[in-house]
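Keep in mind the model is a prediction, meaning the values are calculated, not measured. Below, chains carry the letters A, B, ... as their sequence lines are ordered, and counting in each starts from 1.
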Amino acid sequence: MRIATWNVNSLGVRLGRVESWLADFQPDVLCIQETKLADDAFPALTFQALGYESFHHGQGQWNGVAILSRVGIEDPQVGFADGGDADPEARAVWATCGGVRVASLYVPNGRSLDNDHYQYKLRWLERLRVHLATSCAPTDEVCVVGDFNIAPDDRDVWDLAKFEGATHVSQAERAALGELLQWGMTDVFRAKYVEDGLYSWWDYRGGSFHKRQGLRIDLVLATAPLAARLEHTLIDRSARKGETPSDHAPVIADFGPR
DNA sequence: ATGGTCGTTGCACGA
């Protein structure tokens with residue numbers, strides 16, 4: 001089972017690229033972030049014609065997350081089932097695809113450590129932790145993927161000095177991610193590759209991609225029964241090349257049969 | 001030199 005995640009930075013602009021990427025990589029599940037579309041503008045029929053059912057939660061101009069699946073979409077769910085207020089931003093969808101509980105997440109950016117949005121980010125991560133702890137078990141097959149806007153450790157940052165005092169690397173964010181891992185999830189890309197310099201996002205400005213100045217912030221987290229079957233994982237840097245790319249590359253994980 | 005680009009929208013702001 002091939003599960004992929006890709007922050008496309010506007011599905012309206014990137015639909016052609018997503019269509020050809022699906023044809024090239026044939027994922028069973030593709031989780032998309034930053035569709036920047038309202039639900040009635042989501043191109044479900046286009047994906048259906050390619051063999052993918054879909055579930056989208058959007059709000060229009062910003063955010064927006066989706067799951068595409070050619071192995072079924074059951075029990076779709078939006079946001080967090082923690083009894084709290086609905087998230088005002090469209091950042092999380094869940095569905096069961098081929099027996100795996102899948103989440104497509106767009107974790108808040110945080111903007112800066114002294115910004116209210118950073119507190120929203122930390123609260124959002126805590127709601128994610130509670131949602132997982134109360135609706136899933138580490139012994140279930142759960143795959144939580146997306147743009148985490150957190151570089152898990154220093155290997156995932158091109159220049160630590162540039163990020164001193166910034167979001168994406170702060171102790172509190174990394175600790176929040178660490179709690180998800182401690183609960184029972186594996187960062188499957190890091191499980192296969194230990195070296196630094198392997199990134200999934202590069203700033204559009206200043207030729208960052210060609211200078212290899214990026215961050216690894218797009219993650220595939222899997223519970224033990226799934227992670228034990230990991231066969232391959234890849235960041236598709238080729239998708240960051242050419243005309244009008246997203247600033248993120250897709251991340252793929254292949255899990256063998258049960 | 002504290003910039004740079006791209007997406008949204010609308011002539012600024014978020015990432």
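Straight-line distance from the NZ atom of A:K211 to the P atom of B:dT5: 11 Å, rounded to whole Å.
Every residue two or more places apart in sequence or in another chain that forms a side chain to side chain contact (heavy atoms under 4.5 Å, CB included) with A:A137 is listed here: A:T139, A:D140. Residues passing the salt bridge (Lys or Arg N to Asp or Glu O under 4.0 Å) test with A:D153 are A:R155, sequence neighbours excluded. Shown here are the salt bridge (Lys or Arg N to Asp or Glu O under 4.0 Å) partners of A:E53, two or more places apart in sequence or in another chain: there are none. Under the salt bridge (Lys or Arg N to Asp or Glu O under 4.0 Å) criterion, A:D236 pairs with no residue, sequence neighbours left out. Applying the salt bridge (Lys or Arg N to Asp or Glu O under 4.0 Å) criterion to A:R101, with sequence neighbours excluded, gives no partner residue.
Separation of the C1' atoms belonging to B:dA1 and B:dC11 is 26 Å when rounded to the nearest angstrom. Rounded to the nearest Å, the gap between the C1' atom of B:dT9 and that of B:dA15 is 15 Å. Rounded to a whole angstrom, the distance from the P atom of B:dA12 to that of B:dG4 is 15 Å.
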**Request:** Could you encode protein contacts along nucleotides 6-15 of chain B as a string, one character per nucleotide from 5' to 3', using B for base contact, S for sugar-phosphate-only contact and - for no contact, with a heavy-atom cut-off of under 4.0 Å?
**Result:** SBBS----SB
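Of the N and O atoms on the side chains of A:Q48 and A:S54, not one donor lies less than 3.5 Å from an acceptor on the other residue.
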